[in-house]
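Because the structure is a prediction, the values reported are computed rather than measured. Hydrogens, waters and symmetry mates are skipped; everything else that's a heavy atom, side chains included, is used. Throughout, protein chains are lettered first and strands after them, A, B, ... in sequence-line order, and every chain is numbered starting at 1.
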Amino acid sequence: MLRFYNSLTRKKEDFIPIIKGKVSLYTCGPTVYDTAHIGNFRTFLFEDFLKRVLLARGFEVYHVMNITDVDDKTIQKSVAEGKPLSEITEYYTNLFKQDLSSLKIIPADVYPAATEHVDAMIQMIEQLIEKNHAYVTKDGSVFFSIDSYKNYGALTRLNMDKMQHSDRVSTDEYSLDNPQDFALWKAYKDEDGEVFWESPWGKGRPGWHMECSAMSMEYLGDHFDIHCGGVDNKFPHHENEIAQSVCAVNTPFVNYWLHSEFLLVDGGKMSKSIGNYYCVSDLLEKGMTSEEIRYNFLSAHYQTKVNFTLEKQHEAKRSIHRIMELQSRLNEIDSDLCNDFPLEVEQFNDALENNLDSPKALAVFFDWIRRINISMDEKTLSNKEASKGLKFISYFDSIYGILPKTDSVPQGVLDLSKEREGARQNKDWEKSDELRDQISGMGWMVKDTNDGPKLTPK
RNA sequence: GGCGUCGUACCCAAGUGGUCUAAGGGAUCGGUUUGCAAAACCGCCAUUCGCCGGUUCGAAUCCGGCCGACGCCUCCA
């Protein structure tokens, strides 16, 4: 039985989907005003892991990830660069999708963009006004009245009376019923340039939280299974989303809220000014592979902070190597075809089902690796067990996605290796070592085994 | 100021009342293997879980205090 830690109840709960065997999943996507950084991708990678576990446990998953393509930052950028909003957002949306695919993240079923769902948002805002949960201000903005929703603050348990106001509360909010009311619709201002939509309240654009409520409802229905995001989105984003959605349709909104913790870099929050700021492409350029990035993120539990440092690449590289080494050892055995898994798969699944305990599952997997290696060293591994092992590895990788595709050995390297074998037969060690260096220079390693040389990528 | 998360070996990191004299990975060291290296494989590596008290037959796990780190507090995953 799958169990998740539900942020809403602050308990680990059995996962029971609304419709048996099916899961409706909504994950907060990026604001496409700049390149997403690896902190963002920690969350997306956690969501990918969740999805892969759901799929592996036999659920049918319908996954929606929004693209926020209109907000202050996107508008600012489009004005600053003198380009239409859509040009900016399309550019960064494409970059985002490239990064997703380079990290081997399974794509969502839909990526709805906020700007394509403004009508649905307007409709929802009208419903809220009608039910007295929202009101129009003089300038033509619409605000949600948090006093109209008794359970406001349930997710984060914030005491609204004691909250210290940050100086970001702008002066034009003096007209609000409650200074903490949030915008559903923002009236047009000059700095918005060409960005506006017509609405019953005049020109303007939707507030940030609105898109997730309107789009999740459109694609997943009023009430769905899982909503994910980073912890920082609990407040205000998710809190506001709940308020809007519940008040608009009077049904429960989301059953399970899952939040992933922050990624720290060199012990602190990533920030451009400190310079500890990485994008996926930065890491790839530094020679880190997408598998190594996945390993680093997935070797910690999603609810703990991960401190990312470049030195961790080594650990990832060695661990991945170890798995691949076993895989290639097993591949050399004539294995009987069989559909079973080793016993350890049960513990492995238990760990995953227990709130996605990926480090624990990894530990089980590495325990199994040691057992099989010992058994192979003692030459007591049966063909059937070898076959089970290969199945286990591929099942493992269907969830972690950390084994790179193995390249076939280039002909040039094969030729050199053959030449080196000749030199070794003649005990011409000098020439042999020279050829080994040459092969190494081409990115391949030679291992001299009892069955002849084996070539592996470095 | 309010709310919250966390502190486990040299590093990373599970475990949240008994099977814990605490998984797993990396590094180091020792060994097997090897023409030699490299790689691979095996073994070793915390009587102890930030500190101090308490509850309990029993605590890394629960409670209180202290110290330390980090985050959120109106548009940052």
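- Checking A9(B) for Watson-Crick or G-U wobble geometry (two distances, each under 3.5 Å) identifies no partner in any strand.
- Two residues are said to be in side-chain contact when any heavy atoms from C-beta on lie closer than 4.5 Å; S102(A) and V280(A) meet this criterion.
- Side-chain atoms of D232(A) lie closest to C72(B) of the nucleotides C72(B), A23(B), G26(B).
- With a 3.5 Å ceiling on both atom-pair distances, the Watson-Crick or G-U wobble partner of C62(B) is G54(B).
- If you check the side chains of S145(A) and D147(A), you find no donor sitting under 3.5 Å from an acceptor.
- R424(A) comes within contact range of at least one nucleobase, with a heavy-atom separation under 4.0 Å.
- The side chain of D448(A) lies closest to C36(B) when the candidates are C76(B), U74(B), C36(B).
- For the segment residues 300-315 of chain A, residues with any heavy atom less than 4.0 angstrom from an atom of RNA chain B are, sorted by number, A300(A), H301(A), T304(A), K305(A), K312(A), H314(A), E315(A).
- Summarising the local packing, NZ of K234(A) is surrounded by more than 12 heavy atoms from other residues, nucleotides or ligands at distances under 6.0 Å.
- R370(A) and D367(A) are joined by a salt bridge, as a carboxylate oxygen and a charged side-chain nitrogen come within less than 4.0 angstrom of each other.
- Residues H321(A) and N40(A) both approach RNA chain B. Their nearest nucleotides, taken by heavy-atom distance, put H321(A) toward the 5′ side.
- For A27(B), one of the phosphate oxygens OP1 or OP2 lies less than 4.0 angstrom from a side-chain nitrogen or oxygen of R318(A).
- The E261(A) side chain lies nearest to U5(B) when the options are U5(B), G25(B), A27(B).
- Between the CG atom of L263(A) and the P atom of C76(B) there is a distance of 18 Å, given to the nearest Å.
- The closest side-chain donor-acceptor pair between E211(A) and T68(A) falls under 3.5 angstrom.
- Heavy atoms of I374(A) sit under 4.0 angstrom from primed sugar atoms or phosphate atoms, though from no base atom.
- No side-chain heavy atom of C228(A) sits under 4.5 Å from any side-chain heavy atom of H259(A).
- Regarding contacts with the backbone of C76(B), a side-chain N or O of K73(A) is found under 4.0 angstrom from either OP1 or OP2.
- Taking the C1' atom of each, U19(B) and C66(B) are spaced 34 Å apart, rounded to whole Å.
- Put simply, the side chain of E47(A) does not reach to within 4.5 Å of the side chain of K51(A), judged on heavy atoms.
- Remark: P of A14(B) and CG of L362(A) are 11 Å apart, rounded to the nearest angstrom.
- Pairing for A14(B) is absent, judged as Watson-Crick or G-U wobble with the two contacts each under 3.5 Å.
- A donor-acceptor contact shorter than 3.5 Å is absent between the side chain of N349(A) and the backbone of E346(A).
- No contact: V364(A) has no heavy atom under 4.0 Å from any strand.
- Nucleotides G18(B) and G58(B) have their C1' atoms positioned 6 Å apart, rounded to a whole Å.
- Two residues, I369(A) and T31(A), neighbour RNA chain B, and the one matched to the more 5' nucleotide by heavy-atom proximity is I369(A).
- Distances from the side chain of D71(A) to the nucleotides A38(B), C76(B), A13(B) place C76(B) closest.
- Protein atom OH of Y152(A) is 11 Å distant from nucleotide atom P of U74(B), rounded to whole Å.
- Counting atom types as modelled, S432(A) pairs a side-chain N or O with a base atom of G35(B) as donor and acceptor under 3.5 Å.
- The nucleotide whose nearest atom lies closest to any side-chain atom of D367(A) is, among A23(B), A39(B), C41(B), A23(B).
- As rounded to whole Å, 13 Å separates atom P of C41(B) from atom CD of E332(A).
- Using a 4.0 Å heavy-atom cutoff across all strands shown, D72(A) reaches no nucleic acid atom at all.
- Taking atom NZ of K11(A) as the reference point, atom C1' of U16(B) lies 16 Å away to the nearest angstrom.
- Distance check on atom P: C44(B) versus G26(B) gives 15 Å, rounded to whole Å.
- Across all strands, R322(A) comes closer than 4.0 Å only to sugar-phosphate atoms, never to a base (heavy-atom distances).
- Residue D433(A) is classed as a base contact, given a heavy-atom separation below 4.0 Å to a base.
- C20(B) makes up no base pair with any nucleotide shown, lacking Watson-Crick or G-U wobble contacts both under 3.5 Å.
- Using a 4.0 Å cut-off between charged nitrogen and carboxylate oxygen, R424(A) and D448(A) count as a salt-bridge pair.
- Shown here, A40(B) forms a base pair with U32(B); the pair counts as Watson-Crick or G-U wobble because both key distances fall under 3.5 Å.
- Using a 4.0 Å heavy-atom cutoff across all strands shown, Y295(A) reaches sugar-phosphate atoms only and no base atom.
- One can place CG of L298(A) at 20 Å from P of G24(B), the figure rounded to the nearest angstrom.
- Looking at heavy atoms from C-beta onward, F365(A) lies in side-chain contact with I393(A) at the 4.5 angstrom threshold.
- OP1 and OP2 of C36(B) both lie 4.0 Å or more from every side-chain N or O belonging to R436(A).
- Look at the P atom in both C36(B) and U47(B): the space between them is 39 Å, to the nearest Å.
- Side-chain contact annotation: N6(A) with K12(A), donor-acceptor N/O pair under 3.5 Å absent.
- Here the side chain of R420(A) is nearest to one of G35(B), G15(B), C70(B), namely G35(B).
- As judged by a 4.0 angstrom heavy-atom cut-off over every strand, K454(A) is placed among residues making no nucleic acid contact.
- Backbone-only contact: S319(A) has heavy atoms under 4.0 Å from sugar-phosphate atoms and none from a base.
- Heavy atoms of R371(A) sit nowhere under 4.0 angstrom from any nucleic acid atom.
- When the C1' atom is used for both U16(B) and C49(B), the distance is 12 Å, rounded to whole Å.
- Rounded to whole Å, atom P of G25(B) lies 15 Å from atom CD1 of I320(A).
- Across all strands, G39(A) comes closer than 4.0 Å to base atoms (heavy-atom distances).
- Under the Watson-Crick or G-U wobble criterion, with both distances below 3.5 Å, G71(B) is paired with C3(B).
- The aromatic ring of F366(A) is not stacked on the base of G24(B), since the criterion of ring centres less than 5.5 Å apart with planes inclined by under 30° is not met.
- A straight line from CG of L356(A) to C1' of A13(B) spans 17 Å, rounded to a whole angstrom.
- Taking atom C1' on both A39(B) and C12(B), the two are 23 Å apart, rounded to the nearest angstrom.
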